[in-house]
Amino acid sequence: MHRTPSGPTDAVIHLDSVHKVYGGGKNKVAALDGVTISLRRGTFTAVMGPSGSGKSTFLHCAAGLDRPTSGSVQLDGVELSRLKEKELAKLRRERVGFVFQAFNLMPSMSVRDNITLPLRLAGRRPNAGEVDEVIERVGLTSRQKHRPGELSGGQQQRVAIARALATRPAVVFGDEPTGALDTRTAREVLGLLREAVQWAGQTIVMVTHDPVAAAHADRTLFLADGRIVDALERPTADQVAERMTHLGAWAQESVHDGQYGAAQ
Ligand code: ADP
């Protein structure tokens, strides 16, 4: 696969002037309107913004699930626009993990088989020791033979996290991963994601509506009208909530071409 030397070297994701336009004429919507950002390896980034601000589109473009209208996306040193659909699917399978709000587990498979499924789909033989370790990390050693339906919501999300981590992907993308969980369980799951950054050097990018969830990240990016309008380093939940409250008015005044892209 073609690797390109451009872009910050320690950036695992680099978006450069990414635009994504839906529709045409009167119905034209710029879901992403010139996003330039670098995300450093081994960091946890939260993406926040009002509904319709472009969070899902950002996640889909960064993860190679969707293609920008213009601009460039590099993931783990690979320029995604150069890839054909099949190559893109392969890259996602091998280098990207996903954790969704709905856990998306296979109901007829055991916890362990769910966790090793992406490895087997990628044609890799699961290393038993490594699988044991990831299962232990998420606290499911005693549950690995159970079916997902026999587990609580929090446990099911831990299975999904273990499944995302098992392939040792370059990036794990979370789309509202705590959206279906109660507060206490959500906190546990966020703690687990945080730990994955610490023990595995995992890079995580998470879209969330929840300031408490964002407070677990190293950096929170704020989107408004398809642009990154602010970034906070290790904010508290209160700081995130405060910024969200003012985002609408603030964004209109100060949308600018500033880059929050310096990998920091
Ligand atoms: P968010 O995740 O922050 O709610 P989205 O990325 O889903 O925002 O959407 C950004 C904008 O792009 C919205 O105005 C939305 O209506 C529009 N949009 C998203 N997906 C599509 C699509 N497939 N077709 C048309 N418009 C879309």
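Only a predicted model underlies this, so the values are computations on that prediction, with no experimental measurement involved. Atoms within a ligand are numbered from 1 in the order they appear, just like the ligands themselves.
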If every non-hydrogen atom of Leu80 is compared with every non-hydrogen atom of Cys61, which pair is closest and at what distance? CD1-O, 4.1 Å
Which of these passes side chain to side chain contact (heavy atoms under 4.5 Å, CB included) with Leu165: Val172, Leu192, Val99, Ile115? Val172
Identify which one of Val111, Asp113, Leu105 satisfies the side chain to side chain contact (heavy atoms under 4.5 Å, CB included) criterion when paired with Met109. Asp113
Considering all protein heavy atoms, does one lie under 4.0 Å from atom 19 (C) of ligand 1? yes
So, for atom 7 (O) of ligand 1, does the protein have a heavy atom nearer than 4.0 Å? yes
Options Lys20, His60, Lys55, Lys28, ranked by nearest heavy atom to atom 3 (O) of ligand 1, top entry: Lys55
Proximal ligand 1 atoms for [X], defined as those under 4.0 Å from one of its heavy atoms:
X: Pro50; value: 3 (O)
X: Ser53; value: 1 (P), 3 (O), 8 (O)
X: Ala31; value: 10 (C), 11 (C), 12 (O)
X: Ser51; value: 4 (O)

Side chain to side chain donor-acceptor pair (under 3.5 Å) with Lys20: which of Asp33, Asp66, Thr69? Asp66
For atom CZ of Arg168, is the number of surrounding heavy atoms from other residues, nucleotides or ligands below 6.0 Å larger than 12? no
Above 12 or not: heavy atoms from other molecules or residues under 6.0 Å from CZ of Arg187? no
Any idea which protein heavy atom is nearest [atom], and the distance to it?
atom: atom 5 (P) of ligand 1; result: Thr57 OG1, 3.7 Å
atom: atom 4 (O) of ligand 1; result: Gly52 N, 2.7 Å
atom: atom 24 (N) of ligand 1; result: Tyr22 CD2, 3.5 Å
atom: atom 14 (O) of ligand 1; result: Val29 CG1, 3.5 Å

Working note: Glu94 + Thr167, criterion side chain to side chain donor-acceptor pair (under 3.5 Å); need CA distance, chi angles, decisive distance, verdict. CA-CA 7 Å; Glu94 292 177 350; Thr167 57; over 6 Å; no
Taking Glu233's backbone N and O only, do any of them form a donor-acceptor pair with Arg219's side chain (distance below 3.5 Å, no angle check)? no
